[in-house]
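Each chain gets a letter, A, B and so on, in the order its sequence line appears, and its residues count up from 1.
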Amino acid sequence: MQYLDNYLQSKGGYDYKNVKRNELMKAQGFKEMPFTKTGTTIVGVLFDGGVVMAADTRATAGSIVADKNCEKLHVLAPNVWAAGAGTAADLHHQCAHFNAKLKLQRLNLNRQSRVNEVITKLTSKLFPYRGNIGVALIIGGIDCNGPQLASVSPHGNYVYHPFQSMGSGSLAALGILEAKFQDGLTKQQAIDLAIEAIEAGIFHDMGSGSNVDVVAITKDGADYKRNVRQYNAKSYQRQIPYDFPINNTPALRKYQFDIEKQELTEVGQEMEIIE
Amino acid sequence: MSGIFEYNGGSIVGMKGKNCIAMACDRRFGQQMSTITTNYQKVFKIQDNILLALSGLNTDIHTFYALMEKEINLYNLKENRKMKPTTFANLVASALYERRFGPFFVTPIVAGLENGKPILATYDSIGCKSDLDDFQVGGTGGNYIYGACEAFFKPDMNPEELEEVIGQSLVSGCDRDALSGWGGVVYVLTEQKLTVKILKTKQT
């Protein structure tokens, strides 16, 4: 069966070797550690001549903040961006995969990527996995058919709408969007609206927080502003910093490996362990 | 029965300094409430300028390390050159994501020096890479070490200072976790050398 392993290895894709073992462990009562999720608030707003997308920057693992400043706005093509909510690993790897896939296609066809093409490819990939790939994306971009904005759910459903919000903070953001959105906004108005919607998510939702990232996509390109608003900056500076004296932590043994000479030496004296 | 990640216990932490990088781990290997051995290795030298720390289920630590050793050896043979730390960091993410639906129960930390610049990346068990922070933690005592790191950490420390700070953070954190401890090992990597210091801690 060696040839089968090698064939599957070269083909790529998911490896299911550990699934049976993991199921057995779960049956015995072990609980898994929670995956890093992007609790998240993400929004997209269509305006005259383009689309604005914004996201918060908090990634959570259970109730711990795993990453205080992660990036949730992913480039799929120079004119198509994705904002992602859901399982962080899925988002990162799927977006990287689609970025490469679309680039290859652009090189082959010598044509700009289109938003509806991105949506079709994504939903075709997600549907067969029945929602097990946990990506909830807002896709926004501008192509020959004008600016478009859609949201894609983990099961493979997609919806086109002039404003979208997804993630655990989506309801908070939707409140702002439903109240203040109008057709025919200018670029700056759309940016301000998107930031306000994310703010609502950051302050009202526990799964969202830290800073706001914004990208505005127009015919002239994508204007990405990282951390355009910062709400959780460390404002307190320690008066007397912790200054540890050097070589203060007691050591039993200390070794040194010189990289150039490739030799290992023991440094200093051995400390006695007093019983 | 508690979680799969709490079965064996253990904590790891990584910190960036000025042109140097440090990694520390505890030494306990247990089976739930029993301690089997107090000299288990959790930080592995993948290459002269790359360290890989693993925490979680010890059998998966062993397997994942063997897998990474294999990958880097194959890479060296195929490409006839060393692997860059950022490349290795991406390799770990891909290897973990490949097993998305049957994951390894490990949370790795990769530390390396690329042209003198420190690289530090941590992952959840399915390959979500997080590499923008100045310090990363993993394992059962991770959350307690987070607290100690937030207090003790300063940006741009030199290797001697970094060794102290990471040692103190590890020990402070592990003191609050029943499943980690029984000693600590601190690795400090610079362009010239790798120093390994085995700490004396409380024997409980």
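In this structure, the portion of A:Asn69 lying under 4.5 Å from any heavy atom of chain B is its backbone and not its side chain. Contact of B:Thr190 with chain A is made through the backbone alone, with heavy-atom distances under 4.5 Å. Contact annotation for B:Gln47: neither backbone nor side-chain heavy atoms come within less than 4.5 Å of a heavy atom of chain A. For B:Asp60, the part lying near chain A is the side chain, with the backbone staying farther off; criterion is any non-hydrogen pair under 4.5 Å. Proximity to chain A (any heavy atom under 4.5 Å) is restricted, for B:Leu189, to the side chain, taken from C-beta onward. Looking at B:Tyr146, the atoms closer than 4.5 Å to chain A (heavy atoms on both sides) all sit in the side chain, from C-beta outward. Heavy-atom distances place the backbone of B:Gln192, and not its side chain, under 4.5 Å from chain A. The part of A:Ala66 that comes within reach of chain B is its backbone (N, CA, C, O), which places non-hydrogen atoms under 4.5 angstrom from that chain. For chain B, the nearby parts of A:Ile246 are the backbone and the side chain; heavy atoms of each come within less than 4.5 Å. Only the side chain of B:Glu163 comes within less than 4.5 Å of a heavy atom of chain A; its backbone N, CA, C and O stay farther away. For B:Leu162, no part lies under 4.5 angstrom from a heavy atom of chain A.
Under the 4.0 Å criterion applied to side-chain N and carboxylate O atoms, B:Arg100 and A:Asp90 are assigned as salt-bridge partners. Note on A:Asp15 versus B:Arg99: salt bridge recorded, some NZ/NE/NH1/NH2 to OD/OE distance being below 4.0 Å.
Highest contact tally toward chain A, considering only B:Gly183, B:Gly184, B:Gly102, is held by B:Gly102 [criterion: heavy-atom pairs under 4.5 Å]. For chain A, the option among B:Ala151, B:Ser130, B:Gly167 with the highest count of heavy-atom pairs below 4.5 Å is B:Ala151. Options B:Ser94, B:Gly56, B:Gly142, B:Gly127 differ in how many heavy-atom pairs under 4.5 Å they form with chain A, and the most are formed by B:Gly127. When the candidates B:Glu160, B:Lys197, B:Gln136 are compared by the number of heavy-atom contacts under 4.5 Å with chain A, B:Lys197 comes out ahead.
Classification of the A:Phe30-B:Tyr7 ring pair by plane angle, with boundaries at 30° and 60°, yields perpendicular. Between A:Tyr16 and B:Phe101, the ring planes are parallel. Angles under 30° get that label, and only those over 60° would be called perpendicular.
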Given A:Tyr255 and B:Leu194, is the side-chain contact (heavy atoms from CB on, under 4.5 Å) satisfied, shown in steps?
CA-CA 8 Å; A:Tyr255 296 96; B:Leu194 168 71; over 6 Å; no

Working for side-chain contact (heavy atoms from CB on, under 4.5 Å), residues A:Thr87 and B:Ile126
CA-CA 9 Å; A:Thr87 309; B:Ile126 47 171; 3.6 Å; yes

Assess whether side-chain contact (heavy atoms from CB on, under 4.5 Å) is satisfied between B:Gln168 and A:Tyr242, documenting all intermediate values.
CA-CA 11 Å; B:Gln168 290 294 330; A:Tyr242 285 106; over 6 Å; no

Could you walk me through whether B:Leu96 and A:His93 pass the side-chain contact (heavy atoms from CB on, under 4.5 Å) test, one step at a time?
CA-CA 11 Å; B:Leu96 289 169; A:His93 287 271; over 6 Å; no

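Between the side chain of A:Gln256 and the main chain of B:Lys193, no donor-acceptor pair closer than 3.5 Å is present. Listed for the A:Asn22 side chain is a donor-acceptor partner under 3.5 Å among the backbone atoms of B:Pro103.
In summary, the side chains of A:Gln262 and B:Asp48 do present a donor paired with an acceptor at a separation below 3.5 Å, with no hydrogens or angles considered.
The environment of CG in B:Asn115 is sparse: at most 12 heavy-atom neighbours from other residues, nucleotides or ligands sit within 6.0 Å. For A:Lys103, the NZ atom sits in a loose shell: 12 or fewer heavy atoms of surrounding residues, nucleotides or ligands are nearer than 6.0 Å. Heavy atoms from other residues, nucleotides or ligands lying under 6.0 Å from NZ of B:Lys84 number 12 at most. Within a 6.0 Å sphere centred on NZ of A:Lys101, other residues, nucleotides and ligands contribute more than 12 heavy atoms. Under a cut-off of 6.0 angstrom, the local environment of NZ in A:Lys68 is sparse, with at most 12 non-hydrogen atoms contributed by other residues, nucleotides or ligands. More than 12 heavy atoms of other residues, nucleotides or ligands shown are found within 6.0 angstrom of OH on A:Tyr231. Within 6.0 Å of the OH atom in A:Tyr158, the count of heavy atoms belonging to other residues, nucleotides or ligands does not exceed 12. Within 6.0 Å of atom CZ in A:Arg226, more than 12 heavy atoms from other residues, nucleotides or ligands are found, so the atom counts as buried in its surroundings.
Just one residue in the list A:His92, A:Gln94, A:His97 forms a side chain to side chain donor-acceptor pair (under 3.5 Å) with B:Tyr97, and that residue is A:Gln94.
Among all heavy-atom pairs drawn from A:Asn248 and B:Glu164, the shortest one is N-OE2, 3.2 Å.
Once rounded to the nearest 0.5 Å, the distance linking OG1 of A:Thr249 with CG of B:Leu170 reads 10.5 Å. Rounding to the nearest 0.5 Å gives a distance of 14.0 Å between CZ of A:Arg253 and CG of B:Leu199.
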